[in-house]
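Step one of this worksheet: look at the structure below.
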2 protein chains.
Amino acid sequence: MTSRPASPAKQGRGDLFDPECPTRRLLDRIGTKWTSMAVKVLAEAAPHEVRFAELRRRIPGVSQKMLSVTLHSLVRDGLVTRRVEPTVPPRVHYRLTDLGLSLDVPLAALRTWAEENMARIDRANAISDSEAG
Amino acid sequence: MTSRPASPAKQGRGDLFDPECPTRRLLDRIGTKWTSMAVKVLAEAAPHEVRFAELRRRIPGVSQKMLSVTLHSLVRDGLVTRRVEPTVPPRVHYRLTDLGLSLDVPLAALRTWAEENMARIDRANAISDSEAG
DNA sequence: CTGTATCCAAGTAGATACTG
DNA sequence: CAGTATCTACTTGGATACAG
């Protein structure tokens with residue numbers, strides 16, 4: 001998702017028949033490391049804008065580069081707006097678009113499921129690991 | 001997600017404070033290339049089982065190796081059951097667990113959103129690309 | 001039929017240094 | 001402050017060959 005060179009349809013081989021299912025393509029976007037966090041933070045702040053530095057603070061562990069790359073991808077996808085205050089130094093504000101907000105609905109459902117059930121997945125893994133020794 | 005060696009908490013650096021948000025960890029799983037397709041096919045078949053070869057047919061483009069890896073990850077996570085018929089050659093049947101079925105609910109919402117809105121994301125990308133030249 | 005093992009190409013993200 | 005460039009390590013996944 002982060003790289004421009006990669007065209008919408010991958011170069012695999014049997015690409016002729018594959019319309020690249022929309023879900024897969026969506027997951028290629030929100031599945032990248034920091035995207036879901038960024039959307040979550042922006043959704044919680046909506047309808048207010050959030051500055052780059054503030055986003056960085058609210059997403060523990062994200063690097064300057066990856067936050068920048070992540071946000072610009074979201075902007076390109078029309079999920080986020082970017083507004084630059086032409087001051088020195090500049091201040092850049094981000095906000096979810098209506099499309100971005102609508103995406104946050106199913107994403108929030110996924111977050112809820114994750115919070116309620118990841119512990120079960122962890123337990124299942126622990127059991128498998130102990131069984132396989 | 002597919003590799004065992006990687007421990008739950010990455011080796012980044014600031015891993016001490018980070019409880020690895022459940023959503024991120026869930027997306028690490030369902031975000032891999034074939035997982036969402038496999039869950040979808042299994043959910044559509046539920047409560048019936050689906051054989052390995054049948055799954056392979058219904059997931060265009062998946063390789064033997066990746067389908068195997070994907071399914072075994074889902075089994076380890078407790079989202080799918082695996083039943084082997086001890087015949088020669090063996091037949092292996094897969095089915096979503098209750099946990100897997102419950103995951104398919106928010107996932108189906110995401111699929112619906114993707115089907116309804118990916119075209120807008122594509123348009124936004126087209127506009128950005130033409131603007132940036 | 002259903003895997004597993006190996007090897008390899010491509011993608012993803014981190015550290016670091018530098019710019020307007 | 002916000003962002004870009006480079007360089008590198010790690011991860012993902014595909015091709016192929018082989019096994020129970």
Side-chain angles (χ1 to χ4, degrees), chain A residues 1-8 10-15 18 24 27-38 49-57 59-76 80 82-94 132, chain B residues 1-15 18 24 27-38 49-57 59-75 80 82-94 132:
Chain A
M1 138 204 202
T2 62
S3 58
R4 186 69 32 50
S7 36
K10 287 270 218 35
Q11 210 62 294
R13 198 196 18 73
D15 20 20
D18 187 7
R24 186 85 279 293
L27 285 170
D28 276 345
R29 288 170 158 76
I30 63 176
T32 53
K33 192 162 187 179
W34 305 105
T35 302
S36 59
M37 285 297 299
E49 298 177 315
V50 185
R51 286 185 54 189
F52 186 88
E54 178 64 18
L55 279 161
R56 217 185 150 184
R57 267 190 295 276
I59 304 176
V62 71
S63 68
Q64 214 168 32
K65 171 191 161 183
M66 289 317 297
L67 181 56
S68 179
V69 167
T70 300
L71 290 170
H72 284 283
S73 291
L74 287 169
V75 170
R76 275 211 315 133
V80 165
R82 179 178 182 272
R83 182 173 69 84
V84 182
E85 265 188 272
T87 57
V88 281
R91 274 173 282 204
V92 186
H93 307 259
Y94 293 92
Chain B
M1 139 205 201
T2 61
S3 59
R4 188 67 30 51
S7 36
K10 288 268 217 37
Q11 210 63 294
R13 196 194 22 72
D15 20 22
D18 188 6
R24 183 87 277 294
L27 284 169
D28 276 346
R29 288 170 157 76
I30 63 176
T32 53
K33 191 162 186 179
W34 305 105
T35 303
S36 60
M37 285 297 301
E49 297 176 315
V50 185
R51 285 185 53 190
F52 187 88
E54 179 63 18
L55 279 162
R56 218 186 148 183
R57 267 189 296 276
I59 305 176
V62 72
S63 68
Q64 216 168 32
K65 171 192 160 183
M66 289 317 298
L67 181 55
S68 178
V69 167
T70 300
L71 289 170
H72 283 284
S73 291
L74 287 168
V75 170
V80 165
R82 179 177 183 272
R83 184 173 68 84
V84 183
E85 266 187 273
T87 57
V88 282
R91 273 174 284 204
V92 185
H93 306 259
Y94 294 92

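Just so it is clear: chains get the letters A, B, ... in the order the sequence lines come, proteins before strands, and each one is counted from 1.
- Computed from coordinates, the A:I59 CD1 to D:dA2 P distance equals 13 Å when rounded to whole Å.
- With sequence neighbours excluded, the residues satisfying salt bridge (Lys or Arg N to Asp or Glu O under 4.0 Å) with A:E54 are A:R57, A:R58.
- In this model, no donor atom of one side chain and acceptor atom of the other lie less than 3.5 Å apart for B:T70 and B:S73.
- The interatomic distance linking A:L55 (CG) with D:dG3 (P) rounds to 10 Å, in whole Å.
- From B:S36, atom OG reaches atom CD1 of B:I30 across 7.5 Å, with rounding to the nearest 0.5 Å.
- If you take CG of A:L67 and P of D:dG3, they are 8 Å apart, rounded to a whole angstrom.
- The side chain of B:R51 sits closest to C:dT2 out of C:dT2, D:dG13, D:dC1.
- Applying the 4.0 Å criterion to OP1 and OP2 of C:dG11, one finds that B:K33 has every side-chain N and O outside that range.
- The interatomic distance linking A:E49 (CD) with D:dC1 (P) rounds to 18 Å, in whole Å.
- Where A:P89 and B:E54 meet DNA chain C, the nucleotide closest to each residue was compared, and B:E54 sits on the side nearer the 5' end.
- In this structure the side chain of A:L71 reaches within 4.5 angstrom of the side chain of A:F52, judged on heavy atoms.
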Polar atom pairs between nucleotides 3-5 of chain C and protein, under 3.5 Å, N or O only, would you list them?
unit_1: C:dG3; atom_1: OP1; unit_2: B:R82; atom_2: NE; d: 3.3
unit_1: C:dG3; atom_1: OP1; unit_2: B:R82; atom_2: NH2; d: 2.3
unit_1: C:dG3; atom_1: OP2; unit_2: B:Y94; atom_2: OH; d: 2.5
unit_1: C:dG3; atom_1: N7; unit_2: B:Q64; atom_2: OE1; d: 3.4
unit_1: C:dG3; atom_1: O6; unit_2: B:Q64; atom_2: OE1; d: 3.0
unit_1: C:dT4; atom_1: OP2; unit_2: B:S68; atom_2: OG; d: 3.3

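- When rounded to the nearest whole Å, the span between CZ of A:R56 and P of D:dA2 equals 10 Å.
- One finds the OG1 atom of A:T32 at 7.5 Å from the CG atom of A:L74 (value rounded to the nearest 0.5 Å).
- Within the model, atoms NE2 of B:H93 and CZ of B:R83 stand 4.5 Å from one another, a figure rounded to the nearest 0.5 Å.
- OP1 and OP2 of D:dA2 both lie 4.0 Å or more from every side-chain N or O belonging to A:R91.
- In this structure, the separation between CZ on B:R24 and CE on A:M37 is 9.5 Å, given to the nearest 0.5 Å.
- Counting only heavy atoms from C-beta on, A:S63 has its side chain closest to C:dG14 among C:dC1, D:dG13, C:dG14.
- Rounded to a whole Å, the CG atom of A:D28 is 16 Å from the C1' atom of C:dA13.
- At whole-Å resolution of the value, CE in A:M66 and C1' in D:dG3 are 14 Å apart.
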